[in-house]
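Just so we're on the same page: letters track the sequence lines, and every chain starts at 1.
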Amino acid sequence: MPELPEVEVVRRGLAPRTVGRTITALEVLDARSLRRQDGGEDRLRALLVGRSMTAAARRGKFLWWRLAEADGAESGEALLAHLGMSGQLRLVTPGGPDPQRHRRVSLTLDDGARVDFIDQRLFGGLWSSDLVEAADRRLAALGSPDALLPVDAAHIARDLLDPALDLAEVARTLRGRRRAVKSLLLDQGIVSGIGNIYADEALWAARVRYDTPGSALSQRTALALLRAARAVMERALDVGGTSFDALYVNAQGEPGYFARSLAAYGREGEPCRRCGRFIERAISQGRSSHYCPRCQRSTGVTRKDAE
DNA sequence: CGGGCCCTGGAT
DNA sequence: ATCCAGGGCCCG
């Protein structure tokens, strides 16, 4: 399921073939993928056709293109995409493979290539969003030329690959909450880009149990956990992300290879790669958590929690 | 802050 | 036929 590494792989695949190109047509095969578009298909078409893409940026799991008029002036809007859990953005070149299954929206570019939005489960979408300045006025995201970002992504915190992220501050935020640490890692308003897979992997790497209250973490452990999350996502990025099946592929239609390196996610009943104990699975907040019952421990409760 | 919902298709 | 997967958002 596309989390930060997978979305970044897609961004890197799309950027060189889309930035600098002009959109010549919009084809909508399933309007449900435009659910979040004000004014629907007609308005999106009016905003896109004849505009060029000037940058491909990403914050957390949100990906967007900056748009400019024919004369090069910025339009003040971005084309925003979220892959949900089964979305793909695929580059289709004339004569190349042409995926039809679950194709929902296509953009045609002035070199004849197409960008297809494919989405089996329809949790993702494509829509336009006005640009606003990031609250901290720093570079908005990876791939962004300035501090502007789509208003519909402005509530999303910076992610662990963002040079402007203040790691110590995020660690302090985790420690200021009493919710389970996994729920905090998944909260895109605290730190973005982490989903169920990389949350379980980061917790395993840092030896922290999913249900440890944030307030029970030391600053040192909270920092170690965030660094573990960053490290596992960087390793996944290096091998093209995590693919379990055909649901996640890059812009060229190729899978990633990180599934074979997972230590916790999806490994219920298999031996822990550190200590050999069987990985267990627990349901919490409607999601499964995979963890090693021996080497992932609750760091215990703080005095405050014991009261 | 937890739970339901949006969706489809593959597994049971 | 029913269950389950899950990101984000909305509801209470």
For nucleotides 1-6 of chain B, print each protein N/O atom paired with a nucleotide N/O atom at under 3.5 Å, atom names and distance only.
none

A:Leu44: which of A:Leu79, A:Val28, A:Val105 passes side chain to side chain contact (heavy atoms under 4.5 Å, CB included): A:Leu79
Lys/Arg N to Asp/Glu carboxylate O, A:Asp116 vs A:Arg114, below 4.0 Å: yes
Donor-acceptor pairs are to be reported for all side-chain atoms of residues 84-96 of chain A against protein atoms at under 3.5 Å, with residues two or more places apart or in another chain.
from: A:Ser86; atom 1: OG; to: A:Asp119; atom 2: OD1; distance (Å): 2.6
from: A:Ser86; atom 1: OG; to: A:Gln120; atom 2: N; distance (Å): 3.4
from: A:Ser86; atom 1: OG; to: A:Arg121; atom 2: N; distance (Å): 2.8
from: A:Gln88; atom 1: OE1; to: A:Arg90; atom 2: NH1; distance (Å): 3.1
from: A:Gln88; atom 1: NE2; to: A:Ala246; atom 2: O; distance (Å): 3.1
from: A:Gln88; atom 1: NE2; to: A:Leu247; atom 2: O; distance (Å): 3.1

Members besides A:Leu80 in its Ile/Leu/Val/Met/Phe/Trp/Tyr cluster (side-chain heavy atoms under 4.5 Å): A:Phe62, A:Trp64, A:Trp127, A:Val132, A:Leu149, A:Val151, A:Ile156
First-last contacting nucleotides on DNA chain C - partner chain A, under 4.0 angstrom, heavy atom: C:dA5 to C:dC9
Backbone N/O of A:Thr54 and side chain of A:Glu74: donor-acceptor pair under 3.5 Å: no
Check ion pair A:Arg11-A:Glu8 (N to O, under 4.0 angstrom): yes
5' precedence on DNA chain C between A:Arg281 and A:Leu186 (nearest-nucleotide basis): A:Arg281
Pairwise 5' ranking along DNA chain B for A:Leu122 and A:Arg101, keeping only the more 5' one: A:Leu122
Short side-chain to backbone donor-acceptor contact, A:Glu27 and A:Leu107, under 3.5 Å: no
Flag if over 12 foreign heavy atoms under 6.0 Å of CZ, A:Arg17: no
Distance, rounded to the nearest Å, where A:Arg121 contributes CZ and B:dT8 contributes C1': 6 Å
Terminal helix-axis angle for the helix from B:dC1-C:dG12 to B:dT12-C:dA1, with five pairs defining each axis and rounding to 10 degrees: 50°
Residue A:Phe244 excluded, over 12 heavy atoms near CZ under 6.0 Å: yes
Distance-only polar pair, side chains of A:Ser284 and A:Arg287, donor-acceptor under 3.5 Å: no
Atom-pair distance (CG on A:Asp119; P on B:dC7), nearest Å: 11 Å
Residue pairs fulfilling ring pair (Phe, Tyr, Trp, His ring centres under 6.0 Å) with at least one residue in residues 166-217 of chain A, sequence neighbours excluded: A:Tyr210-A:Tyr291
Rounded distance (Å) that lies between atom P of B:dC7 and atom CZ of A:Arg104: 11 Å
